[in-house]
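The figures that follow rest on heavy atoms only: side chains count, while hydrogens, waters and symmetry mates do not. Counting convention: from 1, in listed order, for ligands and their atoms alike. Position 1 is the first residue of the sequence; numbering continues from there.
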Amino acid sequence: MAHLTAVDHSVAELRHAVGWYAASGVRNVLAVRGDPPGDPTGPWVRHPEGLEHAEELVRLVRELGDFCVGVAAFPHGHPRSTDLETDADHLVRKVRAGADFAIAQLFLEPEHFLRLRDRMAARGCHVPLLPGVMPITTPRVLAKFGELAGVPVPRAIADRLLPLVDDPAGFRQAGVDVVTRLCERLIAEGVPALHFYTLNRSKATRQVVASLGL
Ligand SMILES: NC(=O)C1=CN([C@@H]2O[C@H](COP(=O)(O)OP(=O)(O)OC[C@H]3O[C@@H](n4cnc5c(N)ncnc54)[C@H](O)[C@@H]3O)[C@@H](O)[C@H]2O)C=CC1
Ligand SMILES: Nc1nc(=O)c2c([nH]1)NC[C@@H]1CN(c3ccc(C(=O)N[C@@H](CCC(=O)O)C(=O)O)cc3)CN21
């Protein structure tokens, strides 16, 4: 699946990229606005001839071919969204613009994902919503949950992982276990699939999948 962002691209460049996907046989596209370069939490400045929101990117991809399009969903709200209800309205707009499914941003407690699922159902929006799961292999990865997604670390997870910050192997094992428990609870709640953020490293994800017996 190609990951397409609107960062630093004019509409003409985006069209060119999507045309190239079509010519190369790529059929699945994840359409995200993208992080502001440098500081991901900084203000978004669109390219002067580019796009403001992922919603427009979805429309553009759809217009250019027969693609299956995924978008980002935010269990804790996008860091720049004013509130969770408005954020859910934006996700619905992305779906109405042509998205076929959504992948959730990082989260640590199933309740936040499940509440987003409820907000979508309440809006009559029933495209598949996949949890985005990332094995917590290092303290750095745990910090990214807060930095990229504004996810607070729940007390139970902090109590388990923070005493292990100077024990890389112990931290990794406990972090993989925490995420395995999270996946078990999501599966029990009937999620259609799990999306893993692997960052091109598969070992921890393979451990989670094996522990789940999948
Ligand atoms: N798979 C991945 O790598 C993921 C990446 N992300 C990151 O999340 C960030 C934003 O992603 P997207 O959801 O694609 O952006 P987006 O353009 O849908 O959302 C950005 C902000 O604009 C608001 N917004 C959206 N549409 C709007 C509209 N029509 N009018 C007014 N406000 C609107 C949203 O509520 C949000 O606050 C990016 O930094 C992306 O890299 C998020 C989740 C997963
Ligand atoms: N706003 C946002 N931008 C993204 O690029 C993004 C998301 N959200 N959410 C989903 C995934 C998760 N992303 C992540 C998650 C963790 C690290 C991270 O831990 N980086 C470490 C190095 C990790 C390693 O290579 O082992 C770092 O020190 O930056 C990076 C990107 C990228 N994706």
For [atom], which of the options [options] provides the nearest non-hydrogen atom?
atom                    : options              : value
atom 1 (N) of ligand 1  : Asp83, Leu30, Leu106 : Leu30
atom 33 (C) of ligand 1 : Gln105, His53, Met1  : His53
atom 32 (N) of ligand 1 : Glu56, His90, Glu52  : His90

- Decide whether an N or O pair under 3.5 Å exists between Gly34 and ligand 1. yes
- Message: If you measure every N or O of Lys94 against every N or O of ligand 1, does any of those distances drop under 3.5 Å?
- Response: yes
- Would you say atom 4 (C) of ligand 2 has a protein heavy atom nearer than 4.0 Å? yes
- Task: Please identify which atoms of ligand 2 are closer than 4.0 Å to at least one heavy atom of Tyr197.
- Result: 10 (C), 11 (C)
- In terms of heavy-atom contacts, Asp66 and Arg27 come closest through O-CD, 3.7 Å
- Message: Can you report which non-hydrogen protein atom sits closest to atom 16 (C) of ligand 2, along with the distance?
- Response: Met134 CE, 3.5 Å
- Please state which protein non-hydrogen atom is closest to atom 33 (N) of ligand 2 and give its distance, to 0.1 Å? Leu148 CD1, 4.5 Å
- Message: Tell me whether ligand 1 is touched by Trp44 - counting only heavy atoms on the residue side and a distance under 4.0 Å.
- Response: no
- Just jot down the ligand 1 atoms closer than 4.0 angstrom to any heavy atom of Val32, in number order. 14 (O)
- Message: Counting neighbours of CG on Asp166 that are heavy atoms of other residues, nucleotides or ligands and sit closer than 6.0 Å, is the number greater than 12?
- Response: no
- Would one find more than 12 heavy atoms of other residues, nucleotides or ligands at under 6.0 Å from atom CZ of Arg96? yes
- So for Val141 against ligand 2, with non-hydrogen atoms under 4.0 Å, the contacting part is both
- Query: So which bit of Leu199 gets within less than 4.0 Å of ligand 2, heavy atoms only: side chain, backbone, both or neither?
  - Reply: side chain
- Message: Are any of the N/O atoms on Arg140, whether in the backbone or the side chain, positioned under 3.5 angstrom from an N/O atom of ligand 2?
- Response: yes
- Query: At a non-hydrogen distance cut-off of under 4.0 Å, which region of Tyr197 contacts ligand 1 (side chain, backbone, both, or neither)?
  - Reply: side chain
